[in-house]
Amino acid sequence: MQLLDGKVASTAIKEDIKNKISTLEAQGKKVPHLAAILVGNDPASETYVASKVKNCKEIGIQSSLFRYDSSISEQRLLEKINELNNDENIDGILVQVPLPKHISEKKVTLQISPEKDVDGFHPLNIGNMVLGFPTFISATPYGVLLMLQHYNISTQGKNVVIIGRSHTVGTPLSILMSRNNNETGNATVTLCHSRTKDLKSVCLQADIIVAAIGKPKFVTADMVKENAVVIDVGINRIKDETKKSGFTLKGDVDFENVAPKCSYITPVPGGVGLMTIAALLMNTYNATSLNIDY
Ligand code: GUN
């Protein structure tokens with residue numbers, strides 16, 4: 001069994017982007033600038049956004065963090081996004097979700113200019129992704145693909161079983177891995193969800209399992225065939241009084257019992273989570289260099 005180490009893979013990707021940014025600087029060109037908006041004080045969101053900003057700094061991407069109280073009106077937030085859309089100095093915009101209930105995530109997603117939508121959540125970017133056109137691919141599915149690429153794990157002709165059909169992970173990943181693409185596609189993908197019959201039998205057919213359901217220890221050893229590749233997207237916060245933070249992070253996979261059967265497996269933490277940051281940085285770099293047609 002080999003660990004798919006998010007620290008190793010994301011460091012390599014970040015080094016690559018850092019070098020590209022140094023080249024931009026040496027040529028006197030503009031470096032990418034990310035605007036991150038955080039509304040309220042959700043502890044997980046605070047951690048994620050702080051990590052995004054820190055990682056930008058490390059590799060030479062400029063970033064600006066705009067923080068708002070959870071009482072900010074939807075109108076005010078939409079106006080701020082519009083201001084950033086029109087600011088030529090800003091290349092990428094992300095609004096951390098979840099948002100307070102009185103703010104429509106749909107309206108916020110549609111408000112961000114597709115050219116600056118480094119989260120890849122805008123319908124135009126999702127449409128481009130489905131059609132295989134150049135675009136921003138959302139951080140988590142993109143992070144999974146970057147992890148597989150880094151470890152030279154081929155998806156060609158493989159049976160891939162994805163558990164969880166969320167708009168941000170399972171659904172886009174099912175499209176990406178089944179696309180006609182020699183690097184990370186050409187898999188036969190089965191997308192499983194709460195109504196799937198006999199999930200265990202389906203999983204036992206999988207060469208690659210992606211768990212993205214948000215339930216700790218959901219994937220157990222009896223569901224995994226020998227030498228399968230297991231990618232754990234889950235980040236579940238479990239109460240743990242022995243930890244200073246008061247919680248410990250667990251994936252969707254029963255790692256201890258599943259790992260001995262696998263050819264490769266991602267740990268949690270230290271796996272896909274780190275790759276999502278690398279993917280966001282890649283999108284932010286691409287915001288200044290990619291020619292996307294809208
Ligand atoms: N909340 C959890 N994951 C994400 C993400 O990838 N982007 C944004 N904007 N919010 C998130």
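In each ligand, atom 1 is the first atom listed, and ligand 1 is the first ligand listed. Heavy atoms only: backbone and side chains are in, while hydrogens, waters and symmetry mates are out.
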| said: Please determine whether a side-chain nitrogen of the Lys or Arg among Glu256 and Lys217 lies less than 4.0 Å from a carboxylate oxygen of the Asp or Glu. | reply: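 Salt bridge between Glu256 and Lys217, a charged N being under 4.0 Å from a carboxylate O: no.
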| query | What residue and atom, counting heavy atoms only, is the protein's closest point to atom 6 (O) of ligand 1, and at what distance? | reply |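 Ranking protein heavy atoms by distance from atom 6 (O) of ligand 1, first comes Asp119 OD1, 3.7 Å.
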| query | What residue and heavy atom of the protein are closest to atom 1 (N) of ligand 1, and at what distance? | reply |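 Protein heavy atom with the smallest distance to atom 1 (N) of ligand 1: Val97 O, 2.8 Å.
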| message | For the residue pair Lys80 and Phe66, would you count it as a cation-pi contact if the rule is NZ or CZ under 6.0 angstrom from the ring centre and within 45 degrees of the ring axis? | response |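 Yes, Lys80 sits over the ring of Phe66.
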| Does some side-chain heavy atom of Asn286 sit less than 4.5 Å from a side-chain heavy atom of Val118? |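 Sidechains of Asn286 and Val118: no contact.
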Test your reading of the structure: does [X] have an N or O sitting under 3.5 Å from an N or O of ligand 1?
| X | value |
| --- | --- |
| Val95 | yes |
| Tyr48 | no |
| Gln96 | yes |

| Should side-chain heavy atoms under 4.5 Å link Ile, Leu, Val, Met, Phe, Trp and Tyr, which residues sit in the same cluster as Val230? |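 Grouped by the 4.5 Å side-chain rule, Met1, Leu3, Val161, Ile163, Leu199, Val202, Ile209, Ile213, Phe218, Val219, Met223, Val224, Val253, Phe255, Val258, Ile265 form the rest of the cluster around Val230.
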| query | Does Lys52 come within less than 4.0 Å of ligand 1, judged by its heavy atoms? | reply |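 True for this residue.
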| request: Enumerate the residue pairs fulfilling salt bridge (charged side-chain N to carboxylate O under 4.0 Å, His left out) with a member in residues 92-113, sequence neighbours excluded, ordered by first and then second residue. | output: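 Residue pairs passing salt bridge (charged side-chain N to carboxylate O under 4.0 Å, His left out), neighbours aside: Glu74-Lys107.
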